[in-house]
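Down below is the structure, laid out as structure tokens.
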Amino acid sequence: MSSDTLAAVQPAVELEGITKRFPGVVANHDIRITVEPGTVHAIVGENGAGKSTLMKILYGMQKPDEGTIKVNGREVTFRTPSDAIDVGIGMVHQHFMLADNFTVLENIVLGAEPTKAGVLDTGKARARIAQLASSHGLRVDPDALVEDLGVGDRQRVEILKVLYRGARILILDEPTAVLVPQEVEELFQNLRELKADGLTVIFISHKLDEVLNIADAITVIRRGTTVASVNPAEVTARRLAELMVGSELPTPETRESTVREDVTLSVSRLTMEAGGFRPVPKGTSVGLYVDKLREEGKRLLLDDVSFDIHAGQILGVAGVEGNGQSELIEAIMGMRPAHGTITLGGVDISAWSTLKRREAGIGYIPEDRHRQGLLLEASLWENRVLGHQTRPPARSGIWVDRRASKADTERIVKEYDVRTPSVDTLALALSGGNQQKLIVGREMSGEPSFLIAAHPTRGVDVGAQAAIWDHLRNARAAGLAVLLISADLDELIGLSDTIRVILRGRLVAELDPSDVTPERLGGYMTGAIAGTEET
């Protein structure tokens, strides 16, 4: 390429002096970022640093109060995401935007359907999807229902969806948050192929080792402004963490055992069949009924699951999403009926309501904070009350005690470093990480004897991650029994006393965290390594 040609190449994206204010907070202040074409440019920063706001501005979801945006050298103004799409920008959100009951093809073309005589031209759509999939190494089955796909496949559908609309600049928000190591490597190979084809990727992540693996350039944002632009070849994860939050990269490692003899939670022969709950026929044991379901080829969402969790123990459950983890949580919480027995502190709670289980001492950090953990249109103090409305400090007689609830929310905000202007702020105004810290604080404040922690550090920065790990370790040392479900295999290995692997609804392996690697654990999770018991 000649020097004249090089001089003519414009940055794919230039953000100059971007500032965005909300009541009581400046989300972005004078942010300046230059993204070169055909590169993977990572943006890292702690929760509340302003990354999400910045990407919403670049994707047309919000307007900056000050500053300019240039795309391929031309200044642009976005009023809606459609304006961003028109200039070739696409965004894959952390929470996938797919319709489960639609096929892959239907999801990809939704809103941009090719028609012929007023009817969907499936032949044209299929050909275009096949061409994109082949060109960029994004294999998909266009006729598969999205609800039947694994997380990695769903992510490929999301990427194809933005490519189908002509995107040449892709924003990926926490794209590896729910992937196992093998799927992460597949994604990175996809990104390398996209880059080789001249596309530009803006990569938002909290996983610094992955950023260093895939990025060509890194911009660090702290408290709403850019503090550094670094070359991945010249920086370490430890240094990145220091730039982000002023501290070293934390580790989840737990060395000393605190496991006690007494069993806090016991699950016996827990079984859930697809298609809805049907009572076990009178005079038939659960075991015989499960055997009969298997003989009939019935699909089991949970297949004869049994385990004990002792006081002071963290039992980690590893599995590719969609293999029964959600159903296991819902069964233990009483949110979905299942066969089998669940005991808490030696008491059979199998027939208890969810509220009664909560009142008996079960804490719950849900896997999806938006759908299951928060009322986004409610204030922080009102969200503090959720699930705890029948107990102090929320309850005073038959009424909600607003004063006590607000005071306790103030304590949680301080103790768990929830960054907010006020406890009266709506939950939707907080960053994802600060929402997560509020939930963790709420559940730990209920003084549970047993805690379900589903992806407790998903989408939080290294500082918040370290704080949550410390809270879990301290509670474990005080006798808390924890069921830990996480897609972060380093977290599972570091925090767990024992790891069980779930595959197609069945526990297939028991592993010693001190003697397993993320790669080998991923092998059990995907079935690449045969399910055998190891202790």
Side-chain angles (χ1 to χ4, degrees), residues 9-37 39-94 167-174 200-206 215 217-230 240 243-246 376 418-422 424-435 459 461:
V9 174
Q10 298 283 352
V13 174
E14 291 176 274
L15 303 175
E16 299 177 350
I18 298 295
T19 297
K20 180 66 179 179
R21 304 179 187 89
F22 297 100
V25 64
V26 178
N28 294 147
H29 175 67
D30 195 28
I31 285 185
R32 299 176 183 274
I33 299 175
T34 299
V35 180
E36 298 299 333
T39 65
V40 176
H41 192 111
I43 298 177
V44 300
E46 59 183 333
N47 291 120
K51 304 185 304 298
S52 294
T53 298
L54 186 64
M55 291 304 101
K56 287 176 182 177
I57 288 172
L58 181 56
Y59 192 52
M61 298 172 70
Q62 293 179 352
K63 289 188 66 176
D65 295 318
E66 299 172 17
T68 60
I69 302 171
K70 292 183 181 179
V71 177
N72 299 320
R74 183 170 63 89
E75 186 171 328
V76 295
T77 300
F78 298 147
R79 295 182 301 275
T80 67
S82 294
D83 296 335
I85 292 169
D86 287 343
V87 299
I89 296 176
M91 185 168 181
V92 176
H93 298 268
Q94 180 179 353
R168 300 289 297 175
I169 299 168
L170 276 66
I171 303 169
L172 303 185
D173 186 12
E174 296 287 348
T200 303
V201 178
I202 299 176
F203 186 92
I204 315 299
S205 180
H206 290 98
I218 303 172
T219 295
V220 182
I221 297 178
R222 184 196 302 160
R223 296 192 181 275
T225 193
T226 44
V227 295
S229 294
V230 296
L240 272 183
L243 288 169
M244 287 169 55
V245 296
L376 294 175
V418 181
R419 297 182 184 178
T420 176
S422 163
D424 292 310
T425 299
L426 299 185
L428 61 81
L430 268 60
S431 69
N434 281 302
Q435 291 172 350
D461 61 65

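Residue numbers count from 1 along this sequence. Because the structure is a prediction, the values reported are computed rather than measured.
- Judged as a salt bridge (Lys or Arg N to Asp or Glu O under 4.0 Å), and not counting sequence neighbours, Arg168 has no contacts.
- A distance of 11.5 Å separates CG in Leu430 from OG in Ser52, rounded to the nearest 0.5 Å.
- Checking side-chain atoms of Lys51 against main-chain N and O of Gly45 turns up a donor-acceptor pair under 3.5 Å.
- In this view, Pro421 and Thr425 satisfy the side-chain contact (heavy atoms from CB on, under 4.5 Å) rule, not counting sequence neighbours.
- Within the structure, the side-chain hydrogen bond (donor to acceptor under 3.5 Å, both in side chains) test picks out the following pairs touching residues 68-91 (sequence neighbours left out): Glu16-Thr68.
- Ala167 meets the side-chain contact (heavy atoms from CB on, under 4.5 Å) test with Val162, Leu170; sequence neighbours excluded.
- Side-chain contact between Thr53 and Phe22: present, with at least one pair of heavy atoms (C-beta onward) separated by less than 4.5 Å.
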Let me see the working for Ile33 and Leu54 under side chain to side chain contact (heavy atoms under 4.5 Å, CB included), right down to the final yes or no.
CA-CA 11 Å; Ile33 299 175; Leu54 186 64; 3.6 Å; yes
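- Taking every heavy atom of both residues into account, Ile18 and Leu15 meet most closely at CG1-CB, 3.9 Å.
- Checked by atom type and distance alone, the side chain of Ser422 pairs as donor or acceptor with a backbone atom of Asp424 at under 3.5 Å.
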Side chains of residues 56-64: which donor-acceptor pairs under 3.5 Å do they make with residues two or more places apart or in other chains?
none

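- Every residue was checked against the salt bridge (Lys or Arg N to Asp or Glu O under 4.0 Å) condition with Arg223, not counting sequence neighbours, and none meets it.
- Residues in residues 22-34 take part in these side-chain hydrogen bond (donor to acceptor under 3.5 Å, both in side chains) pairs, two or more places apart or across chains: Asp30-Arg32.
- In this structure Thr219 satisfies the side chain to side chain donor-acceptor pair (under 3.5 Å) test together with His41, sequence neighbours excluded.
- Here Glu66 pairs with Arg21 under the salt bridge (Lys or Arg N to Asp or Glu O under 4.0 Å) rule; sequence neighbours left out.
- A donor-acceptor pair under 3.5 Å links the side-chain atoms of Thr39 to the main chain of Glu36, judged by distance alone.
- Nearest heavy-atom pair across Ser205 and Val44 is O-CG1, 3.6 Å.
- By the salt bridge (Lys or Arg N to Asp or Glu O under 4.0 Å) test, Asp65 is found to be paired with no residue, residues two or more places apart in sequence or in another chain being considered.
- Rounded to the nearest 0.5 Å, atoms CD1 (Ile204) and CE (Met55) are 4.5 Å apart.
- Heavy-atom minimum distance, Leu376 versus Leu426: O-CB, 3.9 Å.
- Proximity of Ile221 to Ile43: side-chain heavy atoms (C-beta onward) are separated by under 4.5 Å at one or more points.
- In this structure, Glu14 contributes its side chain and Val35 its backbone to no donor-acceptor pair below 3.5 Å.
- From His93, atom NE2 reaches atom CG of Leu172 across 11.0 Å, with rounding to the nearest 0.5 Å.
- Remark: Ile69 CD1 to Phe78 CZ distance equals 5.5 Å, nearest 0.5 Å.
- Residue Thr200 comes nearest to Ala12 through the heavy atom pair OG1-CB, 3.7 Å, listed as atom of the first residue, atom of the second, then distance.
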